[in-house]
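Just so we're clear, the structure is a prediction, and the values are computed from it rather than from any experiment. A note on names: the letters A, B, ... follow the listed sequences, proteins ahead of strands, and every chain is numbered from 1.
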Amino acid sequence: MQLHEYQAKNILSEYNVPIPFGQVALSDSECEKISSSINGKVVIKAQVHAGGRGKAGGIKIVDNPLDAKKVAQDMIGGTLKTFQSGGTKFPINKVYVEEASDILKEFYLAVTMDFDEKCPVIILSTEGGMNIEEVAEKTPDKIMKIHVNPLIGPSPYKVRNLLSSLNLEKKISQQISNIIQNLYRIFKSLDCTLIEINPLAITSQEKVIALDAKITIDDDSIFRHSDIEELFDETQMNRSELKALRNDLAYIKLDGGKVGCMVNGAGLAMATMDITMKAGAAPANFLDVGGSASEERIEEAYKIIASDNDVEVILVNLFGGILRCDVAAKGIINGFENYNKSIPMVVVLRGTNSEDAKLLLENSELDISFAEDLPTAASEITKKLKK
Amino acid sequence: MQLHEYQAKNILSEYNVPIPFGQVALSDSECEKISSSINGKVVIKAQVHAGGRGKAGGIKIVDNPLDAKKVAQDMIGGTLKTFQSGGTKFPINKVYVEEASDILKEFYLAVTMDFDEKCPVIILSTEGGMNIEEVAEKTPDKIMKIHVNPLIGPSPYKVRNLLSSLNLEKKISQQISNIIQNLYRIFKSLDCTLIEINPLAITSQEKVIALDAKITIDDDSIFRHSDIEELFDETQMNRSELKALRNDLAYIKLDGGKVGCMVNGAGLAMATMDITMKAGAAPANFLDVGGSASEERIEEAYKIIASDNDVEVILVNLFGGILRCDVAAKGIINGFENYNKSIPMVVVLRGTNSEDAKLLLENSELDISFAEDLPTAASEITKKLKK
Amino acid sequence: MNILNQDSNKVLIQGLGRDGSFQAERCIEFGTNIVSGVHPTKSGETFNRNIPIFGSVFEAVKKTSPEIGLIFVPAPFAADAIIEQIDASIPIIVCVTEGIPVSDMVKVNEYLKGKKTKLIGPNCPGYLIPDKKLKVGIIPGTIVKSGNVGVVSRSGTLTYEAIVQLTKLGIGQSACVGIGGDPINGTSFVDVLDMFEEDNKTEAIVMIGEIGGTKEQEAAERIKSSISKPVVASIVGQTAPEGRRMGHAGAVITGKSALASEKINSLRDAGVLIADSPTEIGLKVQELLKIK
Amino acid sequence: MNILNQDSNKVLIQGLGRDGSFQAERCIEFGTNIVSGVHPTKSGETFNRNIPIFGSVFEAVKKTSPEIGLIFVPAPFAADAIIEQIDASIPIIVCVTEGIPVSDMVKVNEYLKGKKTKLIGPNCPGYLIPDKKLKVGIIPGTIVKSGNVGVVSRSGTLTYEAIVQLTKLGIGQSACVGIGGDPINGTSFVDVLDMFEEDNKTEAIVMIGEIGGTKEQEAAERIKSSISKPVVASIVGQTAPEGRRMGHAGAVITGKSALASEKINSLRDAGVLIADSPTEIGLKVQELLKIK
């Protein structure tokens with residue numbers, strides 16, 4: 001679960017990570033009011049769940065409260081699409097109003113999980129404010145890492161050794177060192193998968209502050225963070241994604257395809273996509289019902305796929321394990337009956353209770369072709385699409 | 001560092017450990033006011049750093065705010081001496097005013113460090129409200145323990161297995177289980193050496209609450225808990241103990257002796273005591289100057305010992321290691337000169353720079369006999385005492 | 001600990017909710033010797049007629065001496081169940097549960113260091129040895145066939161896909177092992193490859209990988225250095241869109257090595273026969289065995 | 001890792017403040033081969049004329065290959081220094097620092113599990129081998145004499161007391177080891193007894209214990225089961241008042257076994273010769289060696 005910048009900054013502040021003075025505004029007049037409490041230039045930032053806001057016009061610097069009001073007027077109620085948002089237009093409901101900082105130098109600082117080393121990792125780069133993937137690719141020596149033993153936390157000696165290689169003033173490196181320890185405390189306490197400060201700025205007053213902040217919480221840990229769950233902003237997801245999330249389904253909308261796909265398991269999902277793509281039929285979406293979906297969740301899954309207007313054919317590829325195919329079949333039939341939209345289906349059912357499932361589907365009013373395996377299903381799909 | 005009950009209960013509350021409603025009062029009128037906000041009986045508890053308050057008259061139950069006022073009048077400004085306070089009379093500056101609870105059953109619950117297993121341990125006993133040492137001795141099977149891996153924390157399965165052996169209602173064991181997890185969070189976050197809830201009560205409303213609370217923080221960890229350091233109540237220590245503490249000296253006052261002892265190292269201190277006791281000379285106090293005392297700290301040490309009116313002879317037994325004997329000698333001479341109280345001394349000095357030290361002392365105006373070793377020093381002491 | 005070469009295979013099942021109970025029955029149907037169950041509130045009861053249920057793993061171990069522990073406990077409690085089984089010294093643990101918090105598994109992984117227990121999963125279908133009539137997990141017993149090909153995969157359902165292909169072509173399996181899709185898990189490709197290498201029954205190996213991480217590259221290195229048996233591999237996700245959920249820092253860590261093409265190159269370089277499409281796994285194995 | 005039988009004894013000193021620098025000089029005077037120092041802000045400088053100081057342990061290890069690390073770092077940073085030396089794979093670490101938070105040492109202790117490093121201390125005077133001219137720590141070099149008695153103690157200054165008594169009687173020491181007074185430390189009586197048993201130079205052992213804990217009982221058990229060399233022991237604190245600082249729960253854990261009398265009984269039962277007063281340690285050893 002992703003947090004907005006303003007939510008992340010509240011958390012940073014609570015854990016003693018310095019941030020510039022700022023407040024969230026829900027309206028242009030609020031934005032004006034906050035701006036007038038700030039001396040000097042003011043930064044206004046659209047609160048959306050996408051990176052790359054600056055280039056997309058989601059961050060503006062103004063000189064006075066009146067200009068601030070105007071910017072907020074334009075932003076709030078509008079949408080933002082960035083090069084990182086994957087085509088999605090995110091609605092802007094709030095802006096963050098912040099005093100502008102006088103910046104001498106920008107760093108990149110993140111805490112995340114290193115899955116190869118199976119432990120948290122702290123990433124620091126002198127190339128702050130940049131696209132960090134690009135930095136990693138072009139100048140990998142500018143990316144420095146500290147692997148963290150979960151028992152010990154970030155060893156001060158490792159932090160010290162890393163910072164000493166940068167030849168910073170003692171005053172500066174002491175501040176960064178404290179920020180690293182505090183970020184790690186947030187990472188651990190809130191079960192984060194990512195905390196990213198880009199840029200971490202050194203101001204002309206020699207203060208180190210977090211200018212931007214991105215915090216992502218491990219969805220699987222939300223059950224122990226009810227206070228964080230309340231921060232969830234559902235306006236940042238489209239209706240289908242939200243519905244999928246609420247039903248514990250993994251849904252991805254894809255551009256340009258016509259096939260709606262219902263599968264179980266990420267591996268099988270990827271295999272299905274590889275095979276249908278090769279057969280010339282691009283998917284319109286992907287819905288992974290996961291390991292042990294109930295009848296009700298499968299019904300929701302059917303509705304989500306069927307409500308995608310790009311979908312001309314639905315491919316169901318389920319392999320029963322924990323999931324029972326008969327349960328899935330009932331869910332699909334219920335979905336069809338309650339949603340009442342007939343879309344041709346190609347169905348591959350195998351594993352636990354697949355024979356019962358086929359019987360149920362055959363006796364339904366769905367427009368179904370059964371396939372024994374994926375290649376057959378793929379060619380069946382291309383046939384249906386050509387019709 | 002020990003906390004008062006009211007301070008400990010504030011912390012419990014912050015970490016979601018249920019406590020009865022209560023507030024601290026600094027005056028009888030405050031006590032009356034708090035009492036009038038409570039329906040039913042009110043418990044008034046003297047806030048002193050000693051256990052066994054109940055038997056010593058430090059805990060009273062009253063029926064109405066007027067009686068509460070009277071009790072507070074008696075307590076505040078007075079002192080309390082309990083069977084656990086080692087002869088010390090603790091001043092009562094505050095009372096804790098709490099609603100009385102309707103108790104069905106009392107448990108003992110503690111988190112502390114098990115030095116044999118080198119890990120934290122949770123101790124639970126069904127014999128709450130009792131002297132736990134007595135329970136441990138007479139019915140050791142009524143003391144249950146959970147050893148905690150510092151990486152994992154208290155494994156829920158261990159807590160569940162322990163609680164299931166008590167055959168409690170699910171509702172009750174769920175509450176105790178949560179309390180255990182929360183106490184451990186406190187233990188870890190605040191670097192405690194002990195958290196003791198005695199009794200942990202089950203009320204007639206089937207709520208589990210902490211009726212009393214004792215929290216001790218590792219003195220060596222205070223440097224990272226400035227907020228806790230502020231809770232320190234210096235009125236609960238006598239002037240010499242306090243002075244010793246402020247100078248990082250370990251000072252213990254003993255009853256009935258006449259020898260003031262300055263040593264370095266706990267082992268040498270104990271050996272010194274064993275030997276002088278055998279020679280028939282009981283110590284009046286013990287001051288361990290520790291591993292690496294400065295001239296100033298030694299000076300304070302001398303003053304603390306010399307200001308004890310029971311002291312007729314001072315025994316100095318130092319073995320230089322990290323501590324340099326010459327530095328110690330200067331400190332003693334300064335102490336003597338600035339405090340200006342001449343007490344005969346027997347001095348054993350060995351190790352690092354001990355020859356320089358002897359020279360310094362010989363040339364001072366102190367009334368000193370040197371001894372080569374401890375037995376000689378002990379007999380020298382008894383001689384001086386007999387004079 | 002080679003899970004393929006255990007003599008005795010007594011299984012304990014922890015977590016007997018809807019899924020756990022249903023799957024326990026499927027395991028028993030296949031021939032698995034389930035000796036006990038563990039459930040916090042069903043202590044003293046039995047399941048499948050006469051298998052005893054205990055309140056704690058320690059009790060179950062004391063009374064029934066299982067060598068394998070199978071976990072269906074819900075995600076919030078699953079890491080604790082794994083630790084309970086580790087503490088009870090169960091030599092092999094299979095954790096089917098999906099959705100365990102990453103931070104929990106980081107701790108379990110750290111806790112496992114130096115312990116003798118072998119953990120498979122979590123978020124995995126477990127393993128199945130047709131010849132021994134041993135099914136520990138959720139791989140459908142109906143699709144397997146006894147034989148000489150070892151199958152190992154990160155994906156659950158995709159494992160079944162591969163098994164079906166093999167069985168349809170008359171090619172049996174020595175063992176099928178699903179190591180699970182979670183980024184932090186107990187058993188890696190490398191571990192299972194070593195077991196297959198050591199296992200006398202296994203003559204060829206099928207390995208199914210995915211995009212993301214570098215586990216397939218590690219496997220390629222191991223194959224190059226010390227696996228003498230022929231390997232067929234398939235990597236899925238070649239056409240998958242770049243995951244929107246993957247944070248920047250995540251991409252920084254694995255970089256390009258997470259791509260399917262990089263993995264395929266490493267494996268090919270290690271002498272592995274690549275099935276370009278996951279539908280061709282069976283055919284590739286057939287081809288390999290014929291050549292041989 | 002037997003600290004007594006290392007061939008090479010190159011020492012690194014971490015923490016070169018007032019005490020560290022002073023004690024480093026004493027070690028060098030005694031003959032110890034100090035090869036490098038570590039201090040966060042003195043990197044590039046030297047001490048004692050020509051010994052290089054590095055900014056990190058890793059750098060010092062890379063350049064000077066020490067086999068022993070000696071720590072004088074202040075308490076708030078000492079646990080981190082121990083971990084830095086463990087991570088740099090220094091085989092023997094002596095930590096003199098006193099006042100390290102208990103919770104820090106619990107973590108260090110957990111972290112050490114499975115590692116090859118041997119930690120002595122913290123809050124200890126270190127060790128000294130007269131014959132090898134090796135002094136790692138703060139035991140005064142002026143009081144020792146080369147010989148065949150091994151001395152081990154929980155207390156710093158009391159160790160010196162025992163050494164002085166031996167030396168005065170003309171009895172030399174094979175090695176003197178102060179394991180430190182903290183409740184959680186790296187090396188126990190048992191560890192050092194084993195080392196003395198193994199060490200050819202050591203003919204008799206002096207062990208000085210204290211009230212509190214059960215380490216002396218553990219030592220008694222080990223002496224009974226596997227120490228063939230004669231042991232003289234003294235336990236101090238027989239007349240000490242019950243510590244007011246000891247919390248209730250602490251007393252619950254150790255109970256009566258913390259008493260001096262209990263410890264003395266266990267040791268006597270293991271065939272140990274008890275010096276009733278710590279002033280009689282030397283005489284008891286003399287008695288023992290004469291009988292022998």
A:Lys278 portion near chain C, given a 4.5 angstrom heavy-atom threshold: side chain
Reference residue A:Asp274; test side chain to side chain contact (heavy atoms under 4.5 Å, CB included); the match among C:Thr239, C:Ile235, C:Asp276, C:Thr279: C:Thr239
Chain C contact via A:Asn198 - which portion, at a heavy-atom distance below 4.5 Å: neither
Which portion of A:Glu134 sits near chain C, non-hydrogen atoms under 4.5 angstrom: neither
Interface moiety of C:Gln238 toward chain A, non-hydrogen atoms closer than 4.5 Å: both
Proximal component of C:Pro125, with respect to chain A [non-hydrogen, under 4.5 Å]: neither
Portion of A:Ile322 that has a non-hydrogen atom of chain C nearer than 4.5 angstrom: both
Residue A:Pro140 versus chain C: region with a heavy atom under 4.5 Å: neither
Neighbour count above 12 (heavy atom, 6.0 Å) for A:Lys142 NZ: no
Atom CD of C:Glu221 with >12 non-hydrogen neighbours under 6.0 angstrom: no
Greater than 12 external heavy atoms within 6.0 Å of C:Glu25's CD: yes
More than 12 heavy atoms of other groups within 6.0 Å of C:Phe77 CZ: no
CA sep, side-chain torsions, deciding dist, call: A:Asn264, C:Thr157, side chain to side chain donor-acceptor pair (under 3.5 Å): CA-CA 7 Å; A:Asn264 65 328; C:Thr157 42; 4.5 Å; no
Closest non-hydrogen atom pair, C:Ser155 against A:Gly267: OG-CA, 3.4 Å
Geometric cation-pi criterion, A:Arg324 with C:Phe22: 6.0 Å, 45°: yes
Taking every non-hydrogen atom, the tightest pair across A:Gly320 and C:Tyr160: O-CE1, 3.9 Å
Heavy-atom pairs under 4.5 Å with chain A, option from C:Ala75, C:Ser153, C:Gly209, C:Pro140 with the top count: C:Pro140
Backbone N/O of A:Gly321 and side chain of C:Gln23: donor-acceptor pair under 3.5 Å: yes
Max heavy-atom pair count under 4.5 Å with chain C, selected residue of A:Asp220, A:Thr352, A:Val135: A:Asp220
Pairwise distance CE(A:Met270) to CD1(C:Ile211) - rounded to 0.5 angstrom: 5.0 Å
Region of A:Asp373 that comes under 4.5 Å of a non-hydrogen atom in chain C: side chain
Interface residues of residues 185-193 of chain C facing chain A - non-hydrogen atoms under 4.5 Å apart: C:Asn185
Residues of residues 93-106 of chain C near chain A, each having a heavy atom less than 4.5 Å away: C:Val96, C:Glu98, C:Gly99, C:Ile100, C:Pro101, C:Val102, C:Ser103, C:Asp104, C:Val106
Option that, when pairs with chain C are counted at under 4.5 Å, heavy atom only, ranks first among A:Ala282, A:Gly290, A:Gly351, A:Pro375: A:Pro375
Reported CG-to-NZ distance for the pair C:Asn109 and A:Lys118, which is rounded to 0.5 angstrom: 5.0 Å
Atom pair CG/CZ of C:Leu158 and A:Phe319 - distance to nearest 0.5 Å: 10.0 Å
Contact origin within C:Glu161 toward chain A - heavy atom pairs under 4.5 Å: both
Interchain contact, A:Glu137 with chain C, by part (heavy-atom threshold 4.5 Å): side chain
Distance (rounded to the nearest 0.5 Å) between C:Lys107 NZ and A:Cys119 SG: 14.5 Å
